[in-house]
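Reminder, nothing fancy here: chain letters follow the sequence lines and each chain counts from 1.
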Amino acid sequence: MDVADLPGVPDWLPDHLHDDGIEELYPPQAEAVEAGVTEGENLVASIPTASGKTLIAELAMLSSVARGGKALYIVPLRALASEKQADFEEFEQYGLDIGVSTGNYESEGGWLADKDIVVATSEKVDSLVRNDAPWIEDLTCVVTDEVHLVDDGERGPTLEVTLAKLRRLNPDLQTVALSATIGNAEALATWLDAGLVDSDWRPIDLQKGVHYGQALHLEDGSQQRLSVQNNEKQTAAIVRDTLEDDGSTLVFVNSRRNAEAAAGRLANTVRPHLTDEERGQLADIAEEIRDVSDTETSDDLADAVADGAAFHHAGLSRGHRELVEDAFRDRLVKVVCATPTLAAGVNTPSRRVVVRDWRRYDGSAGGMAPLSVLEVHQMMGRAGRPGLDPYGEAVLIASSHDEVDELFERYVWADPEPVRSKLAAEPALRTHILATVASGFARSREGLLEFLAQTLYASQTDDSGQLERVVDDVLTYLQRNDFLEIEGGELDATSLGHTVSRLYLDPMSAAEIVDGLRDWERGVSDSTSASGSPADTPAEPPADSGFTTASELAEDADGSDDTNADPDDISALGLYHLVSRTPDMYQLYLRSGDREEYEMELFEREDELLGPTPSEFEEGRFEDWLSALKTARLLEDWATEVDEATITERYGVGPGDIRGKVETAQWLLGAAESLASEVDLDAARAISEARIRVEHGVREELVDLAGVRGVGRKRARRLFQAGITDRAELRDADKSVVLAALRGRRKTAENVLENAGHRDPSMDGVEPAADVSVDLDDGADTDTDAEAAANEDQSSLGDF
DNA sequence: CTGTTTACGTTCTAGACAGCATGTC
DNA sequence: CTAGAACGTAAACAG
């Protein structure tokens with residue numbers, strides 16, 4: 001189909017596409033147009049990655065906007081939100097306004113109501129609906145990217161429920177769903193009352209194959225000699241072979257450690273193939289990588305990149321990831337060893353893809369479980385860069401002759417699994433039922449079931465009994481925890497329930513937080529008489545934690561004599577532990593040796609924790625308690641200015657993991673603050689301080705300084721060392737002292753002074769004061785007892 | 001005696017959304 | 001119902 005013949009699109013679009021070199025639509029795109037995407041028709045497109053999904057989305061959204069509407073593009077990842085934003089911003093020249101909204105980023109200027117196209121994550125859209133964003137009703141078109149993720153047990157239900165809500169709010173809403181090729185695209189189409197484009201067509205050829213011995217067996221039956229030399233591993237042989245053809249390789253492995261190890265080894269394979277010019281450019285990138293963070297991970301990555309190899313996983317910080325992705329796209333880095341981050345994330349195509357590991361550890365499966373066909377196909381789909389490579393090749397690695405056949409059967413010739421809704425599970429329904437009632441989508445049990453009948457789950461099951469049972473369980477749970485009230489068959493969210501829904505918390509997290517804070521107030525009053533060995537039975541009365549009702553709490557709050565609880569005495573560690581044991585926080589893994597270490601830690605600091613420690617005989621709960629303690633200790637270290645390198649080593653995490661934990665803690669502590677005032681608990685001040693400390697990664701005395709824009713944990717500490725202890729002092733500080741404290745960086749000093757509100761921030765003619773020491777390592781380690789103790793523990797335990 | 005290879009036992013395991021109000025080194 | 005790569009340490013071995 002010629003782009004000039006597109007019905008319903010804005011006048012400028014055909015010319016725009018011509019300028020981009022697009023004359024003809026790809027076959028699946030043409031099918032989509034025939035199915036009416038540009039004329040407001042619903043559509044499900046199940047097609048391979050890189051076969052022109054984005055243009056289908058654009059056709060739908062632009063034509064809808066041209067009719068005076070407003071479009072929403074839903075993505076599963078924040079990183080994809082910014083990628084799509086960049087894509088769509090090229091339409092701004094035609095007067096369209098693009099906006100982005102994710103948890104950590106919101107388009108500046110102009111509220112989203114003024115935007116023509118909004119890009120957001122599914123959770124953010126859900127949150128916007130819960131918070132009654134007025135513009136939601138103006139939507140005329142919603143495009144969902146990667147809908148096959150409704151199959152995901154954790155996040156799929158959100159997508160499913162959110163789509164159902166959007167469609168109920170606006171019955172005329174055009175729904176376009178883009179999916180990877182899946183086994184049951186027609187089921188999605190049925191659910192969404194949509195036309196279907198289901199195609200395997202790709203703009204460039206993809207050859208799948210299996211490597212074994214000295215040969216690469218391809219799916220068309222041909223064989224290609226690909227010999228493994230001396231001690232070389234199969235992967236190295238493939239990388240070398242690709243290199244000889246001047247191509248790059250993406251290698252998928254099943255763990256971070258494997259990714260790092262493989263990158264280190266493959267660096268030796270790549271090194272001899274680099275030109276001097278490449279070596280120079282790579283050295284520069286390696287330096288940039290070292291500048292991102294001063295950790296072992298960072299050093300290892302830099303070493304590999306200097307040789308043209310890299311690894312990529314979620315332990316890397318954002319900066320690392322972007323540097324690696326860009327260098328790979330620029331063809332400087334020749335091989336990237338990655339965990340699935342790269343399969344689902346931003347677009348990083350490659351001549352060849354190697355899927356080295358096809359099994360991955362899965363605790364719930366009791367060992368290594370095979371990857372799904374869909375996941376392997378997603379990885380393989382990264383092979384072949386449109387317009388750059390003549391074809392793509394995706395290779396599985398077999399270690400025996402039998403495995404060759406197995407891999408062909410299992411992955412090369414196999415169809416992807418059908419997508420199945422995971423909605424009828426308690427954790428998912430807990431949060432979505434509360435939200436559905438709180439935002440008025442249902443007012444009764446029957447209304448709820450009627451709403452849920454619009455979901456994919458309902459369209460996929462004949463057994464409505466299962467759903468009803470879980471719904472009833474969840475209603476009971478929500479009622480007992482005072483999130484919902486049921487009166488005369490009418491469902492209503494309590495004030496607490498509304499707050500929880502708006503905060504986007506799992507109700508179970510909210511219950512844990514409220515119980516923990518409440519417990520602390522009770523505990524403080526008790527401990528005036530019984531402060532003693534923390535290892536004895538806890539002083540707190542036994543609270544059946546998950547099921548303490550908030551009405552009980554309310555009684556305690558106004559009824560019993562006000563305790564002399566001093567909420568300021570809640571330790572930061574206690575609060576970090578409280579939010580870390582919540583289902584909204586990913587737990588750190590307990591390694592061997594950790595168990596003893598944190599049992600000891602628990603013994604020493606149990607009285608700082610909020611709520612009773614579970615019995616050691618409750619295996620699961622006790623384990624969770626300990627690993628929450630490990631997470632809490634990490635957060636405490638961060639908020640005590642322990643440096644990144646020490647934290648990554650001490651907890652066996654990467655720099656990106658610290659960021660992730662800190663971000664989550666920040667969010668949950670913010671929510672805890674709201675909850676505390678909601679149920680009239682007096683802890684808000686302590687929570688707020690713990691949150692700000694973890695946000696900036698500073699001790700108490702730096703909280704004020706670190707709040708100044710341009711001042712983080714390091715600069716705040718330096719200023720403090722130089723005798724400037726708060727923002728007010730900074731405002732009137734001796735400029736030479738500030739300059740010295742900031743190590744003579746004039747521009748930085750000027751910025752900082754300006755942001756602090758200094759009358760005359762100019763550093764012209766100012767010389768750094770000679771008597772100001774800026775040696776961080778001596779100064780920052782004014783350890784608290786806890787920190788010092790932790791350090792000792794660390795070394796002594798480590799020696800065993 | 002010392003450096004290198006081999007054998008065997010132990011260890012450990014992917015990813016990442018969200019409030020609110022503005023900005024790290 | 002289900003694993004396997006990486007690494008540390010000890011043993012074997014070569015020079």
Side-chain angles (χ1 to χ4, degrees), chain A residues 75-79 81 101-106 108 120-128 130-131 149 152 154-155 158-159 233 252-262 264-265 291-294 313-315 317-319 338-345 356-363 365-371 375 399 431 499-506 509 584-586 589-594 644 652 656-657 659-661 663-664 666-675 691 695-697 706-716 718 742-743 745 748 751-752 755:
Chain A
V75 292
L77 259 38
R78 289 179 195 165
S101 179
T102 65
N104 65 348
Y105 178 78
E106 188 104 36
E108 72 299 326
T121 55
S122 34
E123 284 77 9
K124 186 64 187 191
V125 176
D126 187 16
S127 170
L128 289 164
R130 294 183 189 196
N131 289 285
L149 292 174
D152 182 283
E154 252 177 273
R155 297 181 59 204
T158 302
L159 182 53
K233 303 227 174 191
F252 286 105
V253 298
N254 65 0
S255 76
R256 293 179 180 189
R257 195 166 60 154
N258 286 348
E260 296 187 13
R265 276 196 312 268
D291 284 345
V292 170
S293 120
D294 184 28
H313 58 64
S317 66
R318 240 181 96 80
T339 57
T341 8
L342 220 55
R356 196 195 71 176
D357 303 331
W358 56 279
R359 283 188 275 234
R360 182 165 53 218
Y361 179 82
D362 176 0
M368 301 298 271
L371 304 187
E375 198 175 347
S399 55
T431 180
T499 302
V500 171
S501 169
R502 277 187 284 105
L503 289 172
Y504 212 79
L505 282 178
D506 183 332
S509 298
D584 277 309
M585 176 81 89
Y586 288 87
Y589 185 86
L590 280 187
R591 298 179 298 182
S592 76
D594 278 359
E644 231 187 347
D657 297 304
R659 269 281 23 117
K661 290 283 175 284
E663 230 172 66
T664 309
Q666 227 175 292
W667 164 54
L668 287 171
L669 287 167
E673 219 175 311
S674 307
L675 284 176
R691 177 179 55 79
E695 174 180 352
H696 298 298
V708 176
R709 190 194 308 172
V711 180
R713 63 196 317 230
K714 295 192 176 154
R715 288 175 186 171
R718 291 200 179 98
L742 298 174
R743 297 186 299 176
R745 308 281 159 83
T748 306
N751 274 334
V752 166
N755 293 330

Respond yes when some side-chain nitrogen or oxygen of [X] is under 4.0 Å from OP1 or OP2 of [N], and no when none is.
{"X": "A:T341", "N": "B:dA14", "value": "no"}
{"X": "A:R691", "N": "B:dG19", "value": "no"}
{"X": "A:Y504", "N": "B:dG19", "value": "no"}
{"X": "A:S127", "N": "B:dG19", "value": "yes"}
{"X": "A:T664", "N": "B:dC17", "value": "no"}

State plainly whether the residues [X] and [Y] are in salt-bridge range, i.e. N to O under 4.0 Å.
{"X": "A:K661", "Y": "A:D657", "value": "no"}
{"X": "A:E695", "Y": "A:R691", "value": "yes"}
{"X": "A:R78", "Y": "A:E663", "value": "yes"}

In this structure, how many angstroms lie between the [atom2] atom of [N] and the [atom1] atom of [X], rounded?
{"X": "A:R502", "N": "B:dC20", "atom1": "CZ", "atom2": "P", "answer": "8 Å"}
{"X": "A:L503", "N": "B:dA21", "atom1": "CG", "atom2": "P", "answer": "12 Å"}
{"X": "A:E123", "N": "B:dC17", "atom1": "CD", "atom2": "P", "answer": "8 Å"}
{"X": "A:E673", "N": "B:dG19", "atom1": "CD", "atom2": "C1'", "answer": "11 Å"}
{"X": "A:D362", "N": "C:dC1", "atom1": "CG", "atom2": "P", "answer": "14 Å"}
{"X": "A:E644", "N": "B:dT24", "atom1": "CD", "atom2": "P", "answer": "16 Å"}
{"X": "A:M368", "N": "B:dC12", "atom1": "CE", "atom2": "C1'", "answer": "10 Å"}
{"X": "A:L505", "N": "B:dC20", "atom1": "CG", "atom2": "C1'", "answer": "13 Å"}

message: Suppose you measure atom C1' in B:dC17 against the same atom in C:dA3; what distance do you get, rounded to whole Å?
response: 31 Å
Rounded distance in Å between the P positions of C:dT2 and B:dA18: 39 Å
For [X], answer base if it contacts any base atom (sugar-phosphate contacts may also be present), sugar-phosphate if it contacts only those atoms, and nothing otherwise; contact means non-hydrogen atoms under 4.0 Å.
{"X": "A:G670", "value": "base"}
{"X": "A:Q666", "value": "base"}
{"X": "A:V708", "value": "sugar-phosphate"}
{"X": "A:V711", "value": "sugar-phosphate"}
{"X": "A:P370", "value": "nothing"}
{"X": "A:G363", "value": "nothing"}

**Study point:** Residue mapping more 5' on DNA chain B - nearest nucleotide basis, A:D657 or A:Y589
**Key:**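 Checking each residue's closest nucleotide, the 5'-ward one belongs to A:Y589.
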More than 12 heavy atoms of other groups within 6.0 Å of A:D362 CG: yes
CZ of A:R318: more than 12 outside heavy atoms within 6.0 angstrom?
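No.
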Check whether any side-chain heavy atom of [X] lies under 4.5 Å from a side-chain heavy atom of [Y], and answer yes or no.
{"X": "A:R745", "Y": "A:R715", "answer": "no"}
{"X": "A:R360", "Y": "A:P340", "answer": "yes"}
{"X": "A:Q666", "Y": "A:N104", "answer": "no"}
{"X": "A:T431", "Y": "A:V500", "answer": "no"}

Can a side-chain donor-acceptor contact be found between A:D594 and A:Y589 if the only test is distance below 3.5 angstrom?
no
Side chain of [X]: nearest nucleotide among [options]?
{"X": "A:P340", "options": "B:dG15, B:dG19, B:dA18", "answer": "B:dG15"}
{"X": "A:R359", "options": "B:dA14, C:dA3, B:dA18", "answer": "C:dA3"}
{"X": "A:R256", "options": "B:dA18, B:dC12, B:dG15", "answer": "B:dG15"}
{"X": "A:R155", "options": "B:dG15, B:dA18, B:dC17", "answer": "B:dC17"}
{"X": "A:R591", "options": "C:dA3, B:dG15, B:dC12", "answer": "B:dC12"}
{"X": "A:D152", "options": "B:dG15, B:dG23, B:dC12", "answer": "B:dG15"}

Contacts of A:N751 meeting side chain to side chain donor-acceptor pair (under 3.5 Å) (sequence neighbours excluded), chain-then-number -> none
Nearest 0.5 Å please: distance from the OG1 atom of A:T664 over to the CZ atom of A:R659.
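Nearest 0.5 Å value for the OG1-CZ distance: 10.0 Å.
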Should stems be defined as at least three consecutive Watson-Crick or G-U pairs with both distances under 3.5 angstrom, which of them involve DNA chain B?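 DNA chain B forms these stems: B:1-13 with C:3-15.
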Within the sub-3.5 Å range, which N or O atoms of nucleotides 5-10 of chain C have a protein N or O partner, and how far apart are they?
{"unit_1": "C:dA5", "atom_1": "O3'", "unit_2": "A:N258", "atom_2": "OD1", "d": "3.4"}
{"unit_1": "C:dA6", "atom_1": "OP1", "unit_2": "A:R265", "atom_2": "NH1", "d": "3.1"}
{"unit_1": "C:dA6", "atom_1": "OP1", "unit_2": "A:R265", "atom_2": "NH2", "d": "3.1"}
{"unit_1": "C:dA6", "atom_1": "OP2", "unit_2": "A:R265", "atom_2": "NH1", "d": "3.4"}

